[in-house]
Amino acid sequence: MASPEPHEPPAEALLLAAGRGERMRPLTDSCPKPLLPVRGRPLLVWHLDALARAGAKRVLINTAWLGEQIPTALGDAHDGPHGPMALAYSMEGRDFGRALETAGGIARALPRLADVFWLAAGDVFMPDFGFDPAARARFARGPALAHLWLVPNPPHHPRGDFGLDAQGLALNLPADDPRPRWTYSTVALLRRALFEPPWCDIPPGNPDGMAAPLAPLLRRAMAAGRVTAEVWAGAWTDVGTPQRWAALNAPSETAGTAADPTLEGG
């Protein structure tokens, strides 16, 4: 069900864990990518630990490919060093037989999310990111529909995704615009209103299981000056290939920056 269970409090974060991870095969033939271990912990658990450290009380995780493995592995609570945090699941694979892409998955989960919520991809390694409650409070007080964390462009995505102006507005730059672009990290603060008209036409709860990417919604909101951003200079890796996963687990590895040249990687 897309609607919350009776008395279920809204989740403060949505972690995306539904993708097939084609580029990670054969590792993902039998294990969802977000459960692959990095430095002794599943990728997804790094985000869960950071959210718990920031004081989050409830996190929603969407699943599709091998989706039953994720609640089996993580259960209904994350009992880390920062106290218990409730976990809930949006089971796209069970309900529709496939993943709904980013915007479709968020729309599916929307009735179970807080008005302002964190978004992060479960296959991104960002060990120093803090999910700062003060950043969430500032965003909630402002008019923006989304606040994105951008990262310097990796070698295999040299043109980046979005620009950034001096006032902190994210820019959807034309292809021939010479201004610099950065790569979207997949971490963001979002407002539920971004998934309502005129930005999004998918009904809350996405009862028909429409699959849709997030990028077009962000670009529409950018055109209206409703998306802010900042550059994250800390360690960040999109664990998109077996080579990157192996490098993160190498004994001498220091986490770096690596991304795939799409906003909707799988």
Heavy atoms only: give me the nearest [X]-[Y] pair and the separation to one decimal.
X    : Y    : answer
D208 : F96  : C-CE2, 3.9 Å
W232 : P152 : O-CD, 3.5 Å
P111 : P204 : CG-C, 4.2 Å
L189 : A135 : CD1-O, 3.7 Å
A54  : G130 : CB-O, 3.4 Å
A18  : A64  : O-CB, 3.3 Å

Checklist entry - H147 vs F139 aromatic rings, parallel, tilted or perpendicular, using cut-offs 30° and 60°? => result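 Taking F139 first and then H147, their aromatic rings sit tilted (interplane angle of 30° to 60°).
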
Item to check | side chain to side chain contact (heavy atoms under 4.5 Å, CB included) partner of L15, chosen from L60, L48, I70 | outcome: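 Looking at L60, L48, I70, the match for L15 under the side chain to side chain contact (heavy atoms under 4.5 Å, CB included) is L48.
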
Consider only side-chain heavy atoms of I, L, V, M, F, W and Y, link residues closer than 4.5 Å, and tell whether [X] and [Y] are in one cluster.
X    : Y    : answer
L194 : I202 : no
L100 : L16  : no
V227 : V231 : yes
V59  : M91  : yes

[X]: what forms a side chain to side chain contact (heavy atoms under 4.5 Å, CB included) with it, not counting sequence neighbours?
X    : answer
A175 : none
D79  : A77, P84
R58  : E8, P9, A11, E12, A86, A88

Pairwise distance [atom1]([X]) to [atom2]([Y]) - rounded to 0.5 angstrom:
X    : Y    : atom1 : atom2 : answer
W236 : S185 : CH2   : OG    : 6.5 Å
D115 : L110 : CG    : CG    : 9.5 Å
M210 : R108 : CE    : CZ    : 13.5 Å
L36  : D123 : CG    : CG    : 9.5 Å
L190 : L145 : CG    : CG    : 9.0 Å
T63  : E92  : OG1   : CD    : 7.0 Å

Has the side chain of [X] got a donor or acceptor atom that lies under 3.5 Å from a matching backbone atom of [Y]?
X    : Y    : result
R191 : V116 : no
N62  : L14  : no
W182 : L164 : no
T102 : L214 : no
R98  : G209 : yes
D161 : T183 : no
D238 : V124 : no
R226 : P143 : yes

Next on the checklist: Filter on side-chain hydrogen bond (donor to acceptor under 3.5 Å, both in side chains), then keep only pairs touching residues 128-141, sequence neighbours left out; what's left?
Outcome noted: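 Those involving residues 128-141 do not exist here.
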
Next on the checklist: With side chain to side chain contact (heavy atoms under 4.5 Å, CB included) as the criterion, how do L169 and T228 come out once you've worked through the C-alpha distance, each side chain's angles and the decisive distance to 0.1 Å?
Outcome noted: CA-CA 4 Å; L169 287 177; T228 56; 4.0 Å; yes

Checklist entry - Under the ring-ring contact (aromatic ring centres under 6.0 Å, His included) test, which residues partner W46, sequence neighbours left out? => result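 Here the qualifying residues are F125.
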
Do [X] and [Y] make a side-chain contact, defined as non-hydrogen atoms from C-beta onward lying under 4.5 Å apart?
X    : Y    : result
Y89  : P71  : yes
H78  : D49  : yes
P34  : H47  : no
N153 : R159 : no
E230 : W149 : yes
V38  : T237 : no

Item to check | Contacts of N172 that satisfy side chain to side chain donor-acceptor pair (under 3.5 Å) - sequence neighbours left out | outcome: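 Checked N172 against side chain to side chain donor-acceptor pair (under 3.5 Å); matches are R219.
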
Next on the checklist: Is there a side chain to side chain contact (heavy atoms under 4.5 Å, CB included) between D177 and L171? Walk through the geometry before answering.
Outcome noted: CA-CA 11 Å; D177 194 301; L171 304 174; over 6 Å; no

Item to check | Pair F195-L217, side chain to side chain contact (heavy atoms under 4.5 Å, CB included): steps then yes or no | outcome: CA-CA 8 Å; F195 300 90; L217 278 66; 3.7 Å; yes

